[in-house]
Amino acid sequence: KAGVTQTPRYLIKTRGQQVTLSCSPISGHRSVSWYQQTPGQGLQFLFEYFSETQRNKGNFPGRFSGRQFSNSRSEMNVSTLELGDSALYLCASRGTVGLQETQYFGPGTRLLVL
Amino acid sequence: AQSVTQLDSHVSVSEGTPVLLRCNYSSSYSPSLFWYVQHPNKGLQLLLKYTSAATLVKGINGFEAEFKKSETSFHLTKPSAHMSDAAEYFCVVSDLTGGGADGLTFGKGTHLIIQP
């Protein structure tokens with residue numbers, strides 16, 4: 001099975017712009033979660049989508065939004081970019097291995113805001 | 001609410017010696033616990049997970065962890081370090097089995113350095 005894929009891998013934007021990141025989960029997985037990783041704050045949960053519905057949301061401003069399509073692919077959008085949004089954005093899809101569910105992470109999209 | 005504390009931000013060991021990465025957790029319910037590894041410029045890879053079965057959990061690459069409820073700990077160990085083990089390690093807790101709708105709560109990470 002192919003793993004979780006994220007595009008693009010690297011992105012440079014300027015303050016005030018918006019950005020869209022894409023995540024394709026492992027085939028058959030219906031849950032996609034997004035995380036932000038920064039040196040100062042570590043890994044923080046953004047939101048989770050399941051069957052095209054946002055199931056839960058972390059403590060991030062409304063500039064951060066997402067959606068999920070019928071094929072389970074997910075996009076994350078950040079509007080009005082700020083310097084502090086520079087981070088590695090990780091996507092994870094969740095599926096069942098044996099009797100237990102496990103999250104599998106993609107390689108991430110590294111966003112630099114100038 | 002759940003939280004996780006990784007007691008060491010950096011650990012340095014010599015190749016061939018044992019590795020111990022410490023993790024303490026706090027959880028309102030019966031937690032699921034995970035260790036993930038992140039190599040430079042890579043995503044996160046699951047090393048092992050505990051979900052209320054055996055308290056000693058064996059993972060990939062020779063790593064294992066022991067769940068100790070009385071100590072609220074889930075330390076990661078490996079008998080003999082290899083140069084390829086150099087990476088960032090994250091201890092993760094979830095209150096829902098499998099890391100459910102609340103998302104995962106990550107520790108700050110421990111940077112493992114392997115000396116030749």
So does A/Arg15 have more than 12 non-hydrogen atoms from other groups sitting under 6.0 Å from CZ?
-> no

Look at atom CG of A/Asn59 and say whether more than 12 heavy atoms of other residues, nucleotides or ligands are closer to it than 6.0 Å.
-> no

May I have the step-by-step check of side-chain contact (heavy atoms from CB on, under 4.5 Å) for A/Phe105 and B/Lys42, ending in yes or no?
-> CA-CA 10 Å; A/Phe105 284 82; B/Lys42 297 287 180 66; over 6 Å; no

Same cluster or not: are B/Ile60 and B/Val37 linked, directly or through other Ile, Leu, Val, Met, Phe, Trp or Tyr residues, by side-chain heavy atoms under 4.5 angstrom apart?
-> yes

Cluster check B/Met83, B/Val13: I/L/V/M/F/W/Y, side chain < 4.5 angstrom = yes

Heavy-atom closest contact (B/Phe90 atom, A/Gln37 atom, distance) | CZ-NE2, 3.4 Å

Take atom CZ of A/Arg30 as the centre, draw a 6.0 Å sphere, and report whether it contains more than 12 heavy atoms from other residues, nucleotides or ligands.
-> no

Side chain / backbone / both / neither for B/Lys108 at chain A, heavy atoms under 4.5 Å | side chain

Compute the ring centroids of B/Phe106 and A/Tyr35, then answer whether they are less than 6.0 Å apart.
-> yes

Contacting region of B/Gln38 [heavy-atom separation from chain A under 4.5 Å] = side chain

A/Phe60 reachable from A/Tyr49 in the ILVMFWY side-chain graph, under 4.5 Å edges = yes

Kindly determine whether A/Leu43 and B/Leu44 satisfy side-chain contact (heavy atoms from CB on, under 4.5 Å), including the steps that lead there.
-> CA-CA 11 Å; A/Leu43 274 148; B/Leu44 293 160; 4.0 Å; yes

Turns out that what part of A/Leu46 lies under 4.5 Å from chain B's heavy atoms comes down to neither

